[in-house]
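If you read the sequence from its start, that first residue is 1, and numbering goes on from there.
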Amino acid sequence: MTKNLPITLARYSAALAAVLAITYFYKHEPRFNATTVAFTYLLAILGVSALWGLGISVFMSLAATLAYNYFFLPPVGTLTIADPQNWVALITFLATSILASDLSSRARNQAAEANRRRHEVERLYKFSQRLLSAGNPIELLNAIPRQIVESFEVGAAALFLSDKQKVYRSGMNLPQLDAAFLKAVVAREELQIDAEHSVCFAPLRLGSRILGSMGISGPVLSRESLEAMGTLIAVAIERAHAIEMVGKTEAAREGERLKSALLDAITHDFRTPLTSMKASVTTLLSPAKLDGGQRDELLHIIDEECDRLNRLVGEAAEMARLEAGEVKLQLEPVRADNLIADALDVCKGVLGTRPIRIELKNPELRARADVARAKEVLVHLIQNANLYSSPDHPITISAEEKDEFVQFSVADQGPGIGEAELGLIFDKFYRGTDQRYRVQGTGMGLPIAKAIVEAHGGTIGVISQVGHGSVFSFTLPIIRGTTEQK
């Protein structure tokens, strides 16, 4: 109050000066009648009321009434009034000025209140947007007090949650926002506003449930804003918990799906070689007499099935290393034609007499890649095309420049992939619905290829048409210039 006293005195002085200025002007301008003077006083009083409120305008009304009586109503120069009509005029002027001041002050206060409420709504909207940006419950709970301080420009904020029995704070650690006060608000389930100490509390209400409470120190907010904040915070906390639960449910569901896929792979791919090995060993250990050729055949079966099991385990281990980022790429320039030739050399044992077509628009096209890993991707795609298409149908391998990458493609004339399966074809352990029991495999080749390509910064995808075949494509970063290459 003491701080604002000089300003208040200055405003009263200005109002009095306005009355004196109007009086001086009309006193030296006899052409204007008393009615004009009265309306001028009234206009000035309305302006002061709109600017500085009712108290100063009432003071100005009394001063104007005295000046109007003394200088303009006969007998001039006295505070007495001879004509009864002038009494009516004077009283009417005083009543009008005070009533008009009151109405103007009310309009001013209502406008200020409307602006305050609009400002609070804007702050609440901004606050709600910030609440929605939190990624998880822990991050949200730590961020809420800070967001209250920043959004509503208060000194400090505290948040108490009943289920955790923990207080989260931001700003100054004030005794007014002690945990005991916050717990008391939860027990009472009602707002508390202490304007004297500039502290307010509100429960975090979600329907009939009270999740906790919040405390704010600083400019006192309206009850409506505090209730809205409590509800917004409660909804945000519940939403974060719901999202977390959905994430856990999805993770559990994905884990179950992978377990089922892995079990399917083990059942149909690991059991087959184990069964063959078991049968061969049992025959060798039986008392039945076997000639040398039969023994050699059984030992050869055992050796092949051991290699197959070793390959299956190796693929699973390689996929785990790729996903963990434990594989270090040895990047170097490699020509597209050399990479294709090396991959075909690895696959020649399984391709047999199948026709192979190679299409290269630029034989010297080069990419930057880990040669062994890039070759592994091509081998997976070529072997995949070989498994899922008839032996007399050709496989087409091509390479071309696309944007800043070299795009390799492997096309077959197999049965194709249905639209519903295209989004699953690169998932671990997934194998085509119609082919999983006809063709041997673990469903790991394509996921491994995808992981290798993405580690290079490239992409991999498939275009397929049922009954006409599929085209698998992947990209590797291109190299321009004359750098030495393999």
Flag the pair [X] / [Y] as yes when at least one side-chain heavy-atom distance between them is below 4.5 Å, and no otherwise.
| X | Y | result |
| --- | --- | --- |
| V462 | L446 | no |
| Q413 | S390 | no |
| L344 | K348 | no |
| L161 | K166 | no |
| V350 | I382 | no |

Inset, instruction - Please determine which of R368, R335, E332 meets the side chain to side chain contact (heavy atoms under 4.5 Å, CB included) test together with I479. - result: R368

Return yes if some donor-acceptor pair links the side-chain N/O of [X] with the main-chain N/O of [Y] below 3.5 Å, else return no.
| X | Y | value |
| --- | --- | --- |
| S409 | S398 | no |
| H393 | D412 | no |
| R373 | A455 | no |
| E150 | Q147 | no |
| R205 | E227 | no |
| Q383 | H380 | no |
| D178 | A180 | yes |
| S213 | V186 | no |

Legend entry - E122/K126 salt bridge by N-O under 4.0 Å criterion: no

Legend entry - Carboxylate-amine/guanidinium contact E404 R480, below 4.0 Å: yes

Legend entry - Aromatic ring pairing F152/F127, orientation class (parallel under 30°, perpendicular over 60°, tilted between): perpendicular

Inset, instruction - Output, in order, the C-alpha distance, side-chain angles, deciding distance and verdict of side chain to side chain contact (heavy atoms under 4.5 Å, CB included) for D194 and Q192. - result: CA-CA 7 Å; D194 186 352; Q192 283 187 324; over 6 Å; no

Inset, instruction - Identify, with sequence neighbours excluded, every residue that meets salt bridge (Lys or Arg N to Asp or Glu O under 4.0 Å) alongside R209. - result: E238

Inset, instruction - For residues L378 and V410, report the shortest heavy-atom separation together with the two atoms involved. - result: CD2-CG2, 3.9 Å

Legend entry - Heavy-atom pair with the smallest gap, counting every atom of P355 and D392: CG-O, 3.9 Å

Legend entry - Whether over 12 other heavy atoms sit under 6.0 Å from I463 CD1: no

Legend entry - Residue pair R354 / S389, side-chain donor-acceptor N/O under 3.5 Å: yes

Legend entry - Derivation and outcome, side chain to side chain contact (heavy atoms under 4.5 Å, CB included), residues K361 and E401: CA-CA 9 Å; K361 295 181 180 180; E401 179 181 341; over 6 Å; no

